[in-house]
Amino acid sequence: MIKQKEFAKRRLQLMDMVGEGAVTIIRAASEKIRNNDAHYPYRQDSDFLYLSGFQEPEAMMVLLSGENEGQSILFCRERDRYYELWNGPMAGTRGALEDYGFDQAWPVSEMKRRLPKLLHDRDRIYYDLGKDSEFDQLLIGWMNEFRSKTRKKFHTPDEITALDNNLHELRLFKSRTEITAMKKAARVAASAHRRAMRICKPGLTEADIHAELLHTFTSNQCESAYVPIVGGGANACILHYIRNRDPLNDGDLLLIDAGAEYDGYASDITRTFPVNGKYTGAQKELYEVVLAAQLAAIEAVRPGTPWEHVHEVAVRVATEGMIELGILKSSLDEALEDEHFKEFYVHNTGHWLGLDVHDVGEYEIDGHSRVLEAGMVLTVEPGIYIPPSATSVAEDWRGVGIRIEDDVAVTRDGPDVLTSDVCKTINEVEALMAE
Ligand code: GLY
Ligand code: MN
Ligand code: MN
């Protein structure tokens, strides 16, 4: 578990980063209705979680950067015995001070009265517009009011800056405790994938495998970081396939993209393996191409490498492989230059990973791909998808989709594959499935 001290340190870092005179406002996620009066499981906003560990809705954090330490303030719900009877314990303003280390805490019902006063004498507001239109309007309304009424008397903020260049930069670089949480999320997800490989056989359905994944996550104190993709046969070619209900057929491949979330941190793993435990000759040929692309791309995950280069390495190896197999018919130069590979290699090779599965952080700086640095964590996930309609490709490969995805931390000693507990070579996968 991440400790109060680390959250307080993150708040101080952020206040320091945005500088004296700034006020940063971050709102808790709201509860989402699934249907009628049933809710989706609550998931806190990742920025809010990063800065507090606070898990309740109807809360707002205000960080006042100061000359020295600054002040962190939480608006939250007051404890309510009736509410607690139905929904369990609440922190309340006292808990916000004692258990979460805020300097001040106020009932959220007082927010509209207190917040405008906190904005007086501040130069700049840091806040992500667009997540909550009602609050956006309130904030903009206050700023307009300040401008008309208090122009002469107070210095008041007249700009709102997004959190990308400050908070999201902090989140991009993982601390040791964050890496520990991510390793646990990775271990649990790896164990779920191994279990899926062990039990998979023709006659089961995608739903049976989906259920097994959730079993492993839940019994290891994890959530699903996103809805798992369990795609048998041609369903693997549908990138966001989540229906997960079809029968698993002898001779088909099964693509599983499933990640666990532990203590808010995501893992993100994809494996593609034969339903019956043995890859066919054609499946092996294409699988080896994707695996070679992935291994080469992982090797490139080192401090100093431009992020884009990881993708370029994977694309080059995958394209060479597709040409060798006759799936692409042009020369390598042509296939790369004219992007013929995009017919079957349709997505990027990875993304940042952290509290969000597609985590925050810029990929480009001043129009150039940013360079990898120690502490970043990214996925490496090349994929080749030959849709059933691809009549230009030999029949054996039509309806075959293969992706291999691992989570990799950038370290000074090279790539650290957090998800290495689940095998991916053909021999290892077949051996595990034969157990
Ligand atoms: N599971 C989402 C992704 O691989 O990006
Ligand atoms: Mn991914
Ligand atoms: Mn994935």
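Order of listing sets the numbers, starting from 1, for every ligand and every atom in it.
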Numbered atoms of ligand 1 (with element) below 4.0 Å of [X], judged on heavy atoms:
| X | value |
| --- | --- |
| Tyr226 | 1 (N) |
| His351 | 3 (C), 4 (O), 5 (O) |
| Asp257 | 1 (N), 2 (C), 3 (C), 4 (O) |
| Glu405 | 4 (O) |

Does Glu381 bring an N, O or S atom to within less than 2.8 Å of the Mn ion (ligand 3)? no
Test Cys76 against Val108 for side chain to side chain contact (heavy atoms under 4.5 Å, CB included), laying out the working first. CA-CA 5 Å; Cys76 64; Val108 69; 5.5 Å; no
Only one of Asp421, Asp406, Asp257 passes salt bridge (Lys or Arg N to Asp or Glu O under 4.0 Å) with Arg271; say which it is. Asp406
Heavy atom of Arg403, distance to ligand 1 below 4.0 Å: no
For ligand 1, is Asp268 a contact, meaning one of its heavy atoms is under 4.0 Å away?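 Contact check Asp268 vs ligand 1: positive.
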State whether His358 contributes an N/O/S atom found under 2.8 Å from the Mn ion (ligand 2). no
Looking at the Mn ion (ligand 2), is there an N, O or S atom belonging to Asp257 that lies under 2.8 Å away from it? no
For residues Val62 and Phe75, determine if any side-chain heavy atom of one lies less than 4.5 Å from a side-chain heavy atom of the other.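 Val62 reaches Phe75 side chain to side chain.
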For atom 5 (O) of ligand 1, which protein heavy atom lies nearest, and how many Å away is it?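 Looking at atom 5 (O) of ligand 1, the protein heavy atom closest to it is His358 NE2, 2.7 Å.
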Got a second to check how far Leu170's CG is from Lys174's NZ, nearest 0.5 Å?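 That separation rounds to 11.0 Å.
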State whether the side chain of Arg27 and the backbone N or O of Met60 hold a donor-acceptor pair below 3.5 Å, judged by distance alone.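 Not confirmed, Arg27 side chain does not pair with Met60 backbone.
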When you measure from the centre of the six-membered ring of [Y], is the NZ or CZ of [X] closer than 6.0 Å and no more than 45° off the axis?
| X | Y | result |
| --- | --- | --- |
| Arg77 | Tyr83 | yes |
| Arg316 | Phe341 | no |
| Arg370 | Tyr363 | no |

Check Glu405 and report its N/O/S atom nearest to the Mn ion (ligand 3), by atom name.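 Going through the N, O and S atoms of Glu405 one by one, OE1 ends up nearest to the Mn ion (ligand 3).
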Which N, O or S atom of Asp268 lies nearest to the Mn ion (ligand 3), by name: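 Nearest N/O/S atom: OD1.
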